[in-house]
Amino acid sequence: MIAKETTHIATHRDGQRHRFTSPLASRLFPLQLAALLSITLLSVGGCSTVRYLSPRNVRENPLTAPLRLIDRSGPKISDRTWNTLRRYGLQQGYDDDAAVCLLKIQQTIRENRDPELIHSLAELSYVEGKKAESAGRESDALAHFGVTLTNSYAFLFSDELSQTRNHYDPQFRATCDLYNESLEDTLRLLCKESHLKPGQTYRVKANDQEFVIQTQMRGKWSSDEFDHYEFVSDYEIQTLRSKHTTFGLGVPMIAVRKSKNKGDTREKYYPEGLSYAVTAMMRCTTPPLEETRGVNTCVLEFFDPLQANQVKLADHWVPLETDLTTPLAFFLDTPKFRERNHETQGLINPADASIKRGVYMLEPYDPNRIPVLMVHGLWSSPRTWMDMFNDLRSFAEIRERYQFWFYLYPSGQPFWISATQLRSDLQDLRKTFDPLNQDSTMDQMVLVGHSMGGLVSRMQTIDSGDDFWGIVSDQPKEKLLGEEAQRMKLVSTLYFHPNQSVKRVITIGTPHRGSRFANDMTRWLARKVIKLPQITTAMGESLVDTNPNYFRDTELLTMANAIDSLAPESPIFPVMLRAKYAPDVKYHNIIGVLSDPTLLQKKAGRGDGVVSYQSASMEDTESELVVDADHTKIHMTGQAIFEVRRILLEHLQEIDASDRIALNESTPTTDADRIGQQQMDQLQSDERKNTATITR
């Protein structure tokens, strides 16, 4: 089926009109919520059926085809290597005795430093290593992989070959593959024999070869950060739409994080079973061309591809081979992550779901990168952001400057309660990671909210004044009677100030004026199904009983759930629209408008099938993008993801421009500073005079 296309016009605050073309998205209509809610009751305690990756039957290896690694007649050296052996009169020796032939090749290389011959030695050793591995001779295999590793390293970086090495020759990339795959095979054997741990030194003896391998961690991790390692080549992506890799040297791996001390307050921000992307790289410090026996000293390093996408080897800058997606999918597919349906649990049982509420990080906290907090919507979880997160992180300019956080909250409760909890959770996070408020990046935070999550995000930038209190009562809060804890909780929900750390908010498919899907039927059913926390309803009922004739709207205190809070007639929407927003915060909007809606979707009005354009559009935004997508898929579309990237880059430009202005406007503030500035001005003047004289 061919996807239809439709063109939309987005108008920015500056008056410019931007044209976007978007494909027709799938049509899932959440107005079926009423029927689905009763069905999903059966799945609350069950596992999610989504699989993010599957194990491969045969590991991914670019040498499989050219060296016929899994053929019945293989493995075999390539035709080019065979011709090289023939040219040097070595082909018959290889047929007779491969081991003797290897020694002759090494002797010939000492007399003739031909890159063709060095590559042939590396390839032949790899083939013999795979044969030995299949035969169960692991010591022989390790020795052969070591020869391949050191000789391919010499081919790529030896100064002696700098004049004859041809980077445009396909053989150059083939040598890179030999380096990568021999390193991976070596690591697999090391992991099989012992627990590989960075920071330790390993001495490996294989036949007449001896390797001293020093391991080092090159990232923000400690040497004992990880429990074990997996290889990305063993897995295939299933659910995430894109696989983001870069080509270069090294072995992409999955580093599975250990569960740390529960007493560390930072640990609650990292989900259990979290895995990181790691690239393993081996430096061969002893040139292999000088001798065939003896000790080969190598340094095995583990790099964080989020921080380094290239490394300097033998005075050459070399790109790292990386895979950011498979480690993410590995974490998402772990049993502990999949054991509970967080989306449904958060909708119909907010009390139990509150245990897992909080901000979660899938990367180590970095004080030098700006936080982007993603807030999911109704009947959802951070899982909904994984495609956007995966794609945004693939852009070097984004991952170098931003870190991504995710907020998990019980979506079955009214969104203003979730907004209150997020306000508190962000304060706790700041106290945990930046207690002295020294990390300037914390004060440039960007919030991205989908659907109801957009309302939760917007409320972080509002100064409530007395307006929100006025929804429930026309009496001053000081006259409220009851237990102090109950009174303080209610007051904190309705009286709040903007979070000064938030500087930009992106809302996607957000019902700023409510949604028609919150109708009488769905609201009635939601009240039957959604179990609000007993402590919350008891608090509301207690305050109502203690304060007769004090509240003008008791329903908001005792019965409201998420569906109620999204009804267009909810009194909170007019208050939010006229509220005082933080003046230094900028807003952006992404809206879904279906070009070919179904009959049910049309009932919600022109929009994404759940939220009408009229409800989603706002006048105070810097930009507005219209995408042809239904409500549940807007934030997963390529157009929306690329728009978020554009906004994040715009955010960086403004921050950097502001920093430059502040630097230029700085002036000496003391006599010593002024004298120093005068001396600098004089020196610069003298330099200009000298330069002018020389020029003449």
State, without any angle test, whether Tyr365 and Asp439 hold a side-chain donor-acceptor pair at a distance under 3.5 Å.
yes
Please name all residues satisfying side chain to side chain contact (heavy atoms under 4.5 Å, CB included) with Thr546, sequence neighbours left out, ordered by chain then number.
Leu481, Ser542
Are the side chains of Tyr613 and Glu624 in touch, meaning some heavy atoms are under 4.5 Å apart?
yes
Tell me if the aromatic rings of Phe389 and Phe404 count as close, with their centers under 6.0 Å from one another.
yes
Carboxylate-amine/guanidinium contact Lys503 Asp443, below 4.0 Å
no
Flag for Ser623-Tyr587: side-chain donor and acceptor within less than 3.5 Å
no
Are more than 12 heavy atoms, taken from residues, nucleotides or ligands other than Glu483, located less than 6.0 Å from that residue's CD atom?
no
In this structure, CZ of Phe433 is separated from CG of Asp428 (nearest 0.5 Å) by 11.5 Å
Can you label the angle between the Tyr407 ring and the Tyr409 ring as parallel, tilted or perpendicular, going by 30° and 60°?
parallel
Please say whether more than 12 non-hydrogen atoms of neighbouring residues, nucleotides or ligands are located less than 6.0 Å from CZ in Phe642.
no
NZ/NE/NH1/NH2 to OD/OE distance under 4.0 Å, Glu363 and Arg393
yes
From Arg504, His588, Lys586, residue fulfilling side chain to side chain contact (heavy atoms under 4.5 Å, CB included) relative to Val446:
Arg504
Is it true that Glu484 and Arg487 make a salt bridge, defined as a side-chain N closer than 4.0 Å to a carboxylate O?
no
Could you tell me the separation between the NZ atom of Lys477 and the CG atom of Leu490, rounded to the nearest 0.5 Å?
11.5 Å
Regarding Arg458 and the six-membered ring of Tyr581, is the cationic atom NZ or CZ under 6.0 Å from the ring centre and inside 45° of its axis?
yes
